[in-house]
*Asks:* 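Attaching a single structure in structure tokens format; questions to follow.
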Amino acid sequence: MALVEDPYALLEKWLKAREFIVVGKGIERADAFDKAIGKARFVEDYFDKGVLFVKQVLSEEPHAILEGIDYSEALKIPKVVGVFTAQDIPGENQVGYALPDQPLLAEGKVRFHAEPIALVAAEDIDAAFEAVERVKVKYKPLPVILDPLEAMNRTDVLVHEENGSNIAFRTKVRKGNVEEGFAKSDVIVENEYRTHHQDHLYLETEGALAIPDFEGRITVITAAQYPHLAQSIVARVLGIPMSKVKIVIPYLGGGFGGKDDEGPLVAAKAALVAYKTGKPAFLMYTREESLRIHPKREATIIHYKSGATKDGKLMAIEVKIIHDTGAYTNRGPFILWRASVHASGPYYVPHAKVDGYCVYTNKFPQGSFRGFGNPSVQFAAEAQMDELAKKLGMDPVDFRLKNLLRPGQTTITNQLLDHSVGIAEAVEKLAKKMGWWEKRKAFTEYNKRSKRYKRGIGIGVAWHGISTSRGVPDWSNAYIKIDKDGSVTVYTGIMEMGQGSPNSSHRQIVAEVLGAPLDVIKIVFGTTDAPDTGATHASRGTSIGAIGVLVAAAKIRERLNKLAAELLNARPDDIVIANGKVYVRGNESKSMTWQELIKQAYARGVDVSATGYFFLPKGKFDDAKGQGYAYPAYSYVAVAVEVEVDTYTGRVRVLKAYPALAAGRIINPVQVEGQMEGAIAQGLGYVLMEQFVFDEKGRVLNADMTDYVVPTALDVPVVEKPVYVEDLFKYGPFGAKGVGEMALIPVPAAISNAVSHALGIRVTRLPLTPENVYFMIKKK
Amino acid sequence: MFYKLPRFNYYRVTSLNEALKLVNELEDFKVVAGGTDLVMDLKIKRYIPKNIIDISRVKELDYIVDEGDKIRIGALTRLQEIVDSPIIREKAYVLAEAVNQMASWQIRNMATIGGNLCNASPAADTAPPLYVLNAELKLVSVEGERIVPVTKFFHGPRKTELKKNELLAEIIIPVEKDAGASAIKLGRRNAFTLSIVAVATLVKVSDNKFADVRVALNSVAPTPVRAPSVEKALIGKEVSLEAVEEASKLVVNDIKPISDVRASADYRREMSIVLTRDSLLRSLERIGLKLGGEE
């Protein structure tokens, strides 16, 4: 019998599994103990004596011609080894991800306050700080443009002259005929929504240590989310082949997308100094630098019009989305694209028209952040749903249930969803479990009696496409080898930033598929020594990112079953390998140990190493028509919250949150609960307190943790256990679709809908700080 | 970790006398007690002093003593010690209540009450309760000592009554009998944050009339302030919800808030009224007078 090696067949085979050894269980993650006792090492922990300390010279102007950089005084300081500018870059000074518009170090002009201009390297920290102060940059200031609406309509001030416009990128989605849709609508709601920037505020700021090694390579230990991307950016900047750059991503103190953007850049800066000096070089952003420099969650203006019939069917949406992308597009076009195709929310809409604009201004760039363009547009879409329900005299959940996508329906890009669409079931289960209808009534009654405190309950329902969009190639891979003693080493490019994919779910998947005991499985993660696995972003660590791990393990398992069948005199299909024991199904006396089986594999010529390359099948999107294939599948999520508003102070308290998830197979429920709780806390911070304050020159006035305020334990509500609908996805490992971003996406919608319910005032702007809520009430 | 502090000479003392000698002799110095404000300020270069005098090990200034009609608190008493002190909780609860709303447990275990006062931030959270308790401060120098009311201590942001050679040694709190007092803080989150406004009030009532009323606020003027307009309007009046609400509105006459990254002046003004009202009602409740107003 021929061995099955086809990845699609192997994925399908394991998708059919119905009984599990470790999958679906709350297995303790491999790094829990080391992290609890402080043994786990992060980038900063590798900094040591003898390493050059690097500091950045940052622009003091938001928009200016760079007329000269004089660092002669800096070089006079003993222990200063060098100052490096764009002129010193041996390769390309071009690091834009979506469009070639962003230099690593400013060249010709600066486009935002705190844009990096030069790198100073010194033998100690104090000398580096002093040198930065002695670098003299000559600026010729240009007019500053901060408002994206103004920027869109002006061509006399251009952030990028070469573009000829401040509009960097446009998107378009078209379905049916919106005029016809609105004509058939009995109710129409039209509003403008605004959302603001958010910082990731990971505990660990951006950092990298670059070490020139004896093989003529540069090894960079860096805080990034995609080792192979950091590798290619470093190679590009240095003008050397990727094979001469090795990236190691140790444990990270949080990423949330921020280190997917800034990680490769901080690696390239450290690598540039190491390459030019031949010495190990270390760069770590201070908190203030991190807040000023790295890209943030998109700030948006969303104009939204929607219509529905009197029996509660959504008919049409017309949406205009404007993203303030700041000085550089970074990943802005991808973020805008995602926002545009998700603009309807997870609902069936026959007629849709969406236009997106990614607009340059003189602010820090917009970037990747948990949800990636989606929390803002779901906030708008879900506010519209509540307002339509109100006009129709329907309950918000009942109205949603009439319109939620179901298998066999099409999205607004006209993509057919043939399977894995569990959201309607999830919302219904959640509403029943939490007693939505009773609570909604009880709160409405409470508010009639209570003068000062008003209570509200609101829901946000959202969806999030899995993998890269459209036909953009996406794949997975991993390399697994089993040593003679039966211990298993897995190499993956997926990294560990607290989310746990390598150390919990990957380990579980390998243990499940191979049958090896958990404690002999070691995952080597975040390294370019593994084959390119794609990034740890887009909620893909345990979904697309883990397919490679599953396929590699499944290939080896096929071979081991054949070998065990020969040794135990049975059919390969009857071989069971579980928790390190190998036996024949129904006859456990015919058995051997895992270690014995591996020993036999070495003795009898069976290959116990494999790679797990998997290329995700995709369709095409027609940009001109605004229609086509958007994503292979969607994860779905709903969060309902109860709030209490003190109308005298404007303070909003979130009392309780109830999540529901339709994200395919739940590989590790404990990890998933952690993700849901963390996402709700981060979403709550965004909605209730976090915000950047700019002055008229675009300088951030609160670039520190005194005044950039995030929630503490005392601000976070009780989060109920999630409701799961395991709507398996055919290209997910065991059917898993991805979780990391999910619970954050509907939080702005859920809280603002609850506050709107409490106050009887439609929230259209975030954040809901006490002050903003107070004046919103007062205006009414 | 990777920040730079300015270069300075560092002096560490273990007795008050040593400290007083140093502040008398040295020029251009800052005194560090808990360091939770000063170290931040050094990092951001608010101060670039030539000398730092570390008094954190002057054990003789770390005490809370109950003398019956007054409580004496050493200037180097940590904030968490104040929260935990049975003496304070029994006889000056409003101070413990306010301090418990400051910073985090970790910072309260470093920061000192004297440091909070001497830092002279307009947002100093120990000030409003000490204002309404009519606390006095003992300032000492090599030349001797003097007592000043806490309300005369602040001259402006980062400016105090302290002469160059003086140190704050002790906070003296007269014990109030039959008074109700409370402290309320409004911040941008539930803990570990600077005040948008904080209010403390103290009331005494006899024959259902206000016999004494004290109201103090922070973050709404260059220094913490008392609110005499509110106090005068209430003293001698019948106790009622209407009287409290009407008088609270007068607080705007006693404050000069500014707009900054934390809040606008308008919001601070409005919140001063709400918090004054809430605190007065809570203080009355603590002497058994529940007027409602929370419906």
Side-chain angles (χ1 to χ4, degrees), chain A residues 44 47 53-55 125-130 132-133 205 207 282-289 449-453 646-651 653 684-685 688-695 700-716 767 769-772 774-775 778, chain B residues 1-7 36-37 40-41 43-46 48 100-101 103-107 121 123 184-197 199 241 245 248 257 259-279 281 292-295:
Chain A
E44 183 181 322
F47 175 65
F53 192 80
V54 183
K55 280 293 288 179
I125 297 173
D126 288 349
F129 272 82
E130 209 182 321
V132 165
E133 284 170 15
T205 58
F282 174 77
L283 168 62
M284 186 143 208
Y285 294 10
T286 62
R287 177 63 63 188
E288 290 74 10
E289 287 165 343
R449 296 190 309 272
S450 171
K451 185 175 155 216
R452 176 169 185 170
Y453 296 97
D646 178 350
T647 59
Y648 288 12
T649 60
R651 205 151 135 171
R653 277 205 308 148
L684 176 148
L688 296 186
M689 58 191 82
E690 295 177 42
Q691 60 180 337
F692 279 103
V693 185
F694 298 92
D695 71 5
V700 177
L701 297 176
N702 58 335
D704 56 54
M705 288 180 73
T706 306
D707 286 317
Y708 188 87
V709 177
V710 294
T712 69
L714 291 180
D715 299 286
V716 178
T769 58
E771 174 160 1
N772 289 348
Y774 178 81
F775 285 116
K778 207 176 171 193
Chain B
M1 175 185 178
F2 303 111
Y3 288 86
K4 191 188 172 190
L5 293 179
R7 287 193 176 279
T36 57
D37 280 316
M40 295 262 292
D41 285 339
K43 276 181 190 170
I44 65 168
K45 297 181 187 160
R46 176 173 273 150
I48 309 173
N100 198 33
Q101 296 174 63
S104 64
W105 183 82
Q106 288 87 344
I107 287 175
S121 159
I184 300 181
K185 168 170 170 170
L186 178 70
R188 289 165 296 175
R189 62 183 167 206
N190 290 333
F192 202 3
T193 185
L194 292 162
S195 299
I196 291 172
V197 187
V199 175
L241 179 61
E245 293 195 326
S248 298
S259 295
D260 61 18
V261 298
R262 284 156 215 158
S264 69
D266 279 347
Y267 185 61
R268 285 198 161 100
R269 220 170 276 125
E270 308 250 347
M271 288 309 102
S272 297
I273 298 170
V274 175
L275 266 63
T276 299
R277 169 198 183 274
D278 286 356
S279 178
L281 291 177
E294 287 299 307
E295 65 279 353

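Labels below follow one simple rule: chain letters A, B, ... track the order of the sequence lines, proteins then strands, and each chain is numbered from 1.
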*Asks:* Rounded to the nearest 0.5 Å, how far does CD of A/E288 lie from CD1 of B/I44?
*Replies:* 9.0 Å
*Asks:* Between the side chain of B/N190 and the main-chain N/O of A/L714, is any donor-acceptor distance below 3.5 Å?
*Replies:* yes
*Asks:* Side chain from CB out, backbone as N, CA, C, O: work out which of these in B/R268 comes under 4.5 Å of a heavy atom of chain A, or both, or neither.
*Replies:*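 Neither part.
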*Asks:* Is it the backbone or the side chain of A/Y285 that comes under 4.5 Å from a heavy atom of chain B, or both, or neither?
*Replies:*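 When you check distances to chain B, no heavy atom of A/Y285 falls under 4.5 Å.
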*Asks:* Could you tell me which portion of B/S264 (side chain, backbone, both or neither) has an atom closer than 4.5 angstrom to a non-hydrogen atom of chain A?
*Replies:*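 Answer is both: backbone and side chain atoms of B/S264 are under 4.5 Å from chain A.
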*Asks:* What pair of heavy atoms forms the shortest contact from A/T712 to B/F192, and how long is it?
*Replies:* CG2-CB, 4.2 Å
*Asks:* Between B/Y267 (side chain only) and A/T649 (backbone N and O only), is there a donor and an acceptor less than 3.5 Å apart?
*Replies:* yes
*Asks:* So, are B/D278 and A/R452 salt-bridged, with charged N and O less than 4.0 Å apart?
*Replies:*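 Yes, B/D278 and A/R452 are salt-bridged.
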*Asks:* A/T205, A/D707, A/D704: which one forms the most heavy-atom pairs within less than 4.5 Å of chain B?
*Replies:*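 Winner by heavy-atom pair count: A/D707.
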*Asks:* Which atom pair, heavy atoms only, marks the closest approach of A/T706 to B/R188?
*Replies:* O-NH2, 3.1 Å
*Asks:* Side chain, backbone, both or neither: which part of B/V261 has a non-hydrogen atom closer than 4.5 Å to chain A?
*Replies:*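 Both parts, backbone and side chain.
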*Asks:* From A/Y648 OH over to B/L186 CG, what is the distance, rounded to the nearest 0.5 angstrom?
*Replies:* 15.5 Å
*Asks:* With a 4.5 angstrom heavy-atom cut-off, which part of A/T769 approaches chain B: side chain, backbone, both or neither?
*Replies:* neither
*Asks:* For chain B, which candidate among A/Q691, A/E130, A/R651 shows the most heavy-atom pairs at distances under 4.5 Å?
*Replies:* A/R651
*Asks:* Minimum heavy-atom separation for A/E133 to B/K45, with atom names?
*Replies:*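 Minimum heavy-atom contact is OE2-NZ, 2.6 Å.
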*Asks:* Using a 4.5 Å cut-off on heavy atoms from C-beta on, say whether the side chain of A/V709 contacts that of B/R262.
*Replies:* no
*Asks:* For A/V710 and B/R189: C-alpha separation, side-chain torsions, deciding distance, then whether side-chain contact (heavy atoms from CB on, under 4.5 Å) applies.
*Replies:* CA-CA 8 Å; A/V710 294; B/R189 62 183 167 206; 4.0 Å; yes
